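Each chain gets a letter, A, B and so on, in the order its sequence line appears, and its residues count up from 1. Everything numeric here is computed off the predicted structure, so don't read it as measured data.
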Amino acid sequence: MINLIRHRRGARHGVLALVLLLTASAASAETLLMPKRDYLMGASEVVWGITTLANAGSTYTIDFGDGSSVGPLALADRSYINANHTYTSAGVFTVTLTVTPAVGPAEVATVQVQVFDSSVLSAEDLRNLNKNRAIHNGFRYLWFSQANRTNFDTVHVTNWFGHTNSYAALTVLALMNHGFTLPNDNSVPVGLLQKYLVRRGLNQVLTNLRQLTLTAQPAGDPCVNVSDAPAPCQGIYEATENPGYSTAVAIAPFAASGALNRLVNAAEIPTAASCGGGQAAEGCVHGKTFGEVLQRLVNALAFGQQDAGVGRGGWIYQFNSSQSDGSTVGWDMLALLDASAAGTTIPAFVQGEFGNFALPQGLNTDGSFDYRADNNPAPGTGNPNLAKAGIALQGLFFAGAASNDPRVAASAQYISDRWNSTALGQQFHCNNGTINKGCAYGMFNAFKGLKLYGIPTLPGVGRPAGPGAIPANDWHADLEDWLVANQVTPTNSTGGHWGAGNPMSFSCCGAATAQISTAIAELILAPVALVQPDPGLFSSVGLAPATATNPAGAGSSHTVTATATTSGGQPVPGATVVFKVLSGPNTGQQGQSVTNAQGQATFTYNDAGGAGTDTIQAFIGTLGSNQVTKTWLLKCDADVDNDVDTADLLIIRNANGQTASSALDPRDGNSDGNINIADARYCQLRCTRPSCAQ
Amino acid sequence: MKSMKRVMRVLAMAIMAATLLVGSSEAAVISISPASQNSTIGNTVNVDILVSLGLGEVVGGVSLFLGFNPAILTGASYTVDPDSKMGTAACGFCDFSGGFSGGSLDLFFLADAALNQAALGALQGGGFRLATVSFTATGNGTTPLTLSFAQPGGAFLSDANGNVLPASAVNGSVCVGPGCGGPAPVPEPGTLVLLGMGLAIAGLRHRRQMRG
């Protein structure tokens with residue numbers, strides 16, 4: 001701050017400097033609130049935001065939008081401005097965060113929140129509300145618990161400790177799968193989580209990737225779709241942990257980013273490990289698009305696939321080793337399936353090598369999957385557990401096994417039998433002794449495998465039906481119930497996680513942190529098992545047919561198809577689609593299904609409301625499709641105004657002698673293909689009101 | 001003379017036989033009454049449009065065009081369901097007839113919706129007048145009175161429930177002017193009448209053979 005007590009010339013300089021300081025502060029300052037979310041009336045909920053203004057001398061006020069507020073209070077932590085508030089009425093409220101620096105204009109941010117009164121909600125709606133609250137409280141915890149929170153605006157990387165790069169990749173993936181993706185260009189992301197968490201978490205991964213020379217393999221050339229193909233070429237991989245799985249985990253957030261055209265910002269990660277020191281330009285992440293980084297990561301993973309012996313076609317901790325490790329394979333399946341969905345080219349030999357060798361060598365006849373592939377299919381061999389049976393499903397899906405493949409049924413049965421049991425021959429429990437609920441690794445792999453095959457229920461789950469249309473033994477609902485019920489202090493400003501071992505542990509062997517438990521919980525609570533579809537495509541052409549017409553009546557049904565694809569047109573399997581009839585005679589009807597290998601899910605419903613036009617929309621999480629319409633045609637309603645009267649009879653009379661335009665022609669009342677006096681009589685007998693009044 | 005009378009009786013039998021044959025496959029028959037008549041310019045010409053029904057048949061709706069030569073006749077008035085055998089007049093929303101236009105009368109009317117199969121059957125019996133039509137003779141000559149329905153998907157009649165009631169038509173004629181004094185020309189028969197004619201002729205030949 002310039003001392004303004006000067007002689008006149010100095011004063012003018014001082015004033016100029018002050019103006020410059022104020023101008024600079026106004027241009028760079030940013031204040032943001034949490035994403036739009038739901039709250040429960042009567043519960044003490046956390047409202048939070050951030051500001052780039054300095055703590056010193058600043059104050060803040062939070063107006064909750066319901067006539068109450070806190071502040072002004074001294075700003076102690078600009079990276080996490082928070083307050084608990086209990087809304088006493090339901091409705092939509094605008095929360096306003098105002099941060100006033102010592103000098104300069106105040107910063108204001110607003111967000112709308114929706115508060116629900118549980119006493120007027122159906123059981124199904126209340127369950128969905130609590131799920132949404134758990135998800136957002138978990139996001140808050142991931143923001144709060146990151147390594148570089150306090151300097152979020154000056155340090156362009158962040159992580160969540162533990163296996164630093166892999167946990168960062170999984171956390172970013174979780175956020176992306178809830179729709180917090182990056183723009184598919186070089187623009188600055190908009191939104192607190194996108195700009196300051198997703199972007200920086202991905203920078204963490206990028207900073208620590210390294211380059212690797214990829215040579216031709218016995219199975220084929222791993223160098224595809226890159227400028228320095230064919231082999232040898234430069235691959236990119238994650239070497240600080242165990243590349244067999246850490247490279248795979250690094251692949252996932254790039255595939256899920258929705259930003260393959262986005263350039264790596266060298267200014268944000270100047271010390272990228274893959275760059276400088278005489279390394280090849282092709283392997284340096286600087287200046288590359290996310291798409292190219294992703295391709296080189298995939299190429300490296302293909303390079304690292306085992307080449308021979310038992311385990312050929314699989315992966316273990318180190319590239320080109322001599323075994324196939326079932327737990328590593330799980331991450332590799334996630335990576336390859338996510339990358340495929342994103343439109344990345346998988347080297348041609350990878351699928352066949354895995355499907356013909358490592359997969360059968362690891363699969364057992366009871367549906368279990370080996371820890372280390374032993375080429376012995378006897379049940380119970382190879383240290384199996386529920387998680388690896390989920391990996392088996394993912395492997396079968398990657399290898400192209402149809403949903404009616406008996407091996408799919410066997411693995412699903414294995415999971416079902418052990419859904420609530422930690423015994424039955426299972427090995428390598430999570431650190432807290434759990435195998436499924438309470439074990440992130442088990443839950444996540446079961447989730448991925450079962451979602452990919454669209455398996456909705458398992459008899460061993462033991463969950464009753466409901467609320468709403470949730471069927472009995474819905475395994476995903478069971479996991480959701482457990483996660484919502486076991487979130488730790490979700491309405492505490494430092495809570496919202498799932499514990500570092502209690503109640504949830506990551507795995508048998510990985511570092512147990514509350515952050516990674518939270519990331520995995522968020523992945524399981526996400527509407528997609530792999531990646532989000534392209535929002536522009538889904539919102540414009542995701543639901544079909546655009547229009548349709550059927551005769552009205554209880555025996556008449558209609559089917560709509562939702563298609564989830566990435567921007568490159570690749571199908572997105574494993575996405576949960578909720579279909580809703582928003583308006584019309586069948587308002588309120590809804591259904592849910594999971595996209596198949598072609599990225600499609602269908603919803604069929606019968607006309608229970610009679611004639612009229614329904615508007616239907618599909619949702620993947622909060623991402624909505626285009627709206628389509630379905631007209632239920634009342635026979636004889638020639639002017640399509642939902643009744644039969646003399647106006648319709650006159651239309652029929654004026655069409656006397658014509659042939660019907662189609663089987664749905666409302667003028668052809670008796671459906672004989674012609675329009676004549678008999679149709680007039682037929683429709684006269686079906687007038688909606690006495691004397692056929694209009 | 002005797003033989004002429006005999007020929008006329010045979011012809012009448014042929015027509016009746018033809019009618020019966022028509023009734024057995026398309027029992028409803030729409031006809032003009034009188035089938036033919038003579039008039040002079042300036043006089044009113046009245047015709048009835050009749051329907052004869054087979055067992056169990058009822059009429060729930062009528063749609064027909066009555067064609068005529070507008071140079072000889074000018075349409076004056078018409079009444080649908082004059083004897084209230086369909087309840088059309090009382091219905092209030094059952095008559096969609098288009099009326100006269102050039103050389104055609106467009107009739108399109110429904111029975112009262114409150115009259116079901118049984119009620120209509122009780123009213124209509126074996127047949128009734130569908131409509132009465134009045135013309136003014138305005139020119140000399142002979143005009144056929146032709147019955148037709150809209151093409152390609154039209155029909156003359158509907159039954160009580162909104163199904164097509166198959167029907168055939170027998171046309172009529174009117175002669176106007178001083179040259180119309182002789183026997184009325186034989187009206188143009190429907191196709192199946194020819195079969196009855198054939199049978200009648202065969203019967204005539206048989207009698208001759210028996211006599212011979």
Side-chain angles (χ1 to χ4, degrees), chain A residues 549 551-553 555-556 610-611 633-694, chain B residues 28 30 51 57-65 80-81 86-99 101 104 106-120 124 130-131 147-167 169:
Chain A
T549 302
S556 197
L633 206 57
L634 184 62
K635 208 61 167 171
C636 299
D637 182 15
D639 56 7
V640 198
D641 64 350
N642 296 331
D643 62 17
V644 180
D645 52 29
T646 51
D648 301 298
L649 297 185
L650 188 58
I651 292 173
I652 294 169
R653 183 266 180 274
N654 290 337
N656 183 35
Q658 296 180 20
T659 54
S661 60
S662 73
L664 297 176
D665 192 330
R667 303 169 300 176
D668 182 15
N670 60 17
S671 300
D672 68 353
N674 295 313
I675 303 168
N676 53 42
I677 186 67
D679 300 298
R681 175 65 177 179
Y682 181 96
C683 294
Q684 177 202 38
L685 298 174
R686 288 158 179 77
C687 281
T688 309
R689 285 173 283 278
S691 301
C692 246
Q694 297 190 33
Chain B
I30 303 173
V51 64
E57 293 181 335
V58 300
V59 176
V62 180
S63 168
L64 60 87
F65 297 109
V80 299
D81 189 28
M86 295 172 62
T88 302
C91 170
F93 62 94
C94 294
D95 186 3
F96 297 88
S97 298
S101 177
S104 179
D106 172 13
L107 299 181
F108 191 106
F109 56 98
L110 299 167
D112 190 329
L115 297 175
N116 60 13
Q117 171 89 18
L120 289 171
Q124 297 172 5
L130 294 175
L147 294 163
S148 63
F149 54 78
Q151 297 294 327
F156 278 129
L157 303 174
S158 169
D159 67 8
N161 300 314
N163 302 304
V164 171
L165 177 62

| said: Quick check on B/Leu165 against chain A: is it the side chain, the backbone, both or neither that has a heavy atom closer than 4.5 Å? | reply: neither
| remark: In terms of heavy-atom contacts, B/Ala150 and A/Gly657 come closest through CB-CA, 3.7 Å
| query | With a 4.5 angstrom heavy-atom cut-off, which part of B/Leu115 approaches chain A: side chain, backbone, both or neither? | reply | backbone
| message | With a 4.5 angstrom heavy-atom cut-off, is it the side chain or the backbone of B/Ala111 that approaches chain A, or both, or neither? | response | both
| Would you call A/Ile677 and B/Leu110 a side-chain contact if the rule is heavy atoms closer than 4.5 Å? | yes
Would you enumerate the inter-chain donor-acceptor pairs between chain A and chain B whose distance is below 3.5 Å?
from     : atom 1 : to       : atom 2 : distance (Å)
A/Arg653 : NE     : B/Phe96  : O      : 2.8
A/Arg653 : NH2    : B/Phe96  : O      : 3.4
A/Arg653 : NH2    : B/Asp106 : OD1    : 3.1
A/Arg653 : NH2    : B/Asp106 : OD2    : 2.3
A/Asn656 : ND2    : B/Ser63  : OG     : 3.1
A/Gly657 : O      : B/Gly153 : N      : 2.6
A/Asn670 : ND2    : B/Gly162 : O      : 2.9
A/Asn676 : ND2    : B/Gly153 : O      : 2.8
A/Arg681 : NE     : B/Ala160 : O      : 2.8
A/Arg681 : NH1    : B/Ala111 : O      : 3.0
A/Arg681 : NH1    : B/Asp112 : O      : 3.3
A/Arg681 : NH2    : B/Leu115 : O      : 2.8
A/Arg681 : NH2    : B/Ala160 : O      : 3.2
A/Gln684 : NE2    : B/Ala111 : O      : 2.8

| field | Partners meeting ring pair (Phe, Tyr, Trp, His ring centres under 6.0 Å) with B/Phe149 (sequence neighbours left out) | value | B/Phe156
| field | Nearest-0.5 Å distance, CZ of residue B/Phe108 to CG of residue A/Leu649 | value | 8.5 Å
